[in-house]
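All of these numbers come straight from a predicted model, not from anything done at the bench.
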Amino acid sequence: MKKRILLNTIILFTLTIYGQVGINTPNPLGIFHIDGKKDNPLIGTPNTITQQNDVIITENGDLAIGIIIPTNKLTINNEGKTDTGIQLSTGASHGNILISDQEGNATWAAASNPITILNTLPGQISVYGTRHSWEFYNQFTEYYDEIKQIFGNEFGWDNINKLYKIPKNGIYRITLNIVCGTSEAKQNWRIAVVKNNYTPSTGEQHFSMNTMPFVSPIPDKKESQNSTITGIVMLNKNDFLQIKTANYGSGDGTWHGAPVTTPTIIVGGPQETIWTIEML
């Protein structure tokens, strides 16, 4: 008889080990359930107040703290307090933000808007584009790129394809400082930041980003011109930006005259033509 009781006890204990485990509660509601203050009811579901001292791990491996039903791998309810219930002290400082590298490792960093600064190769470049066929200006080279540091090398400036790839949906400030060479009276240059290789239709003077102006240098200047444009635009992840230019000038100086074939002249180099993209 004693052997039978012992056997039944071992079987019951084994079933308990592989079932739900409760600490301070005979009514565990997950694979592992701690009732910190031992104030849960013997049956049924604890109310929101008594849940605040509970910890639960579900059969899916989800963890809930201060609540009994997790909605993600980690769910924390810090009811009655002003913070989230998470404290990450290493590297913390007032006003810092939590950022991640491309592998998901998180660190604290000073709050700022990630920015990319692109310089240009030195020299005067002739770009042959017309109102019917805009042409790329591809002399940019990376100077400083925080986007790559945060989102990885897939985003930011692509020096091989000469384009800037957007890392996430959001609002961006785009600034282009461009230095143009001297031009004649019949010239009518346009330089624009374009999205996703957009090409305007015949006679169209604007691009797909309506809040991003283009540069239009004054013709017949006897010296180089420095122009700066800034726009605030909505962009989506994987959009890409480039610089295109065209000469809208005509042989008779009118809009409808035959297009000229002379190039737009852009001056590159440090402190000359510079392009910045800032995530807001």
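- When atom types are taken as modelled, the side chain of N24 and the backbone of D35 share a donor-acceptor pair closer than 3.5 angstrom.
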Q: Could you give me the CA-CA distance, side-chain angles and deciding distance for D158 and K165, then say whether salt bridge (charged side-chain N to carboxylate O under 4.0 Å, His left out) is met?
A: CA-CA 7 Å; D158 181 343; K165 192 172 182 182; over 6 Å; no
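- Around the CD1 atom of I49, the shell of radius 6.0 Å holds no more than 12 heavy atoms that belong to other residues, nucleotides or ligands.
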Q. Under the side-chain hydrogen bond (donor to acceptor under 3.5 Å, both in side chains) criterion, do T116 and Y144 qualify, and how do the steps go?
A. CA-CA 6 Å; T116 299; Y144 180 72; over 6 Å; no
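- Applying the 4.5 Å side-chain rule to ILVMFWY residues, one finds F240 in the same cluster as L163.
- Remark: R190 is not positioned above the aromatic ring of F214, lacking an NZ or CZ atom under 6.0 angstrom from the ring centre and at most 45 degrees off the axis.
- In this view, N77 and I67, E79 satisfy the side-chain contact (heavy atoms from CB on, under 4.5 Å) rule, not counting sequence neighbours.
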Q) Step by step, would you call N27 with N40 a side-chain hydrogen bond (donor to acceptor under 3.5 Å, both in side chains)? A) CA-CA 8 Å; N27 179 31; N40 288 354; over 6 Å; no
Q.
For N47 and T50: C-alpha separation, side-chain torsions, deciding distance, then whether side-chain hydrogen bond (donor to acceptor under 3.5 Å, both in side chains) applies.
A. CA-CA 6 Å; N47 60 41; T50 57; 3.2 Å; yes
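- Judged by distance alone, with hydrogens and angles left aside, the side-chain atoms of T25 form no donor-acceptor pair with the main-chain N or O of G22 at under 3.5 Å.
- Of the possible polar contacts, none joining the S133 side chain to the G129 backbone as a donor-acceptor pair under 3.5 Å is found.
- Taken together through direct or relayed side-chain contacts under 4.5 Å among Ile, Leu, Val, Met, Phe, Trp and Tyr, M234 and I232 form part of one hydrophobic cluster.
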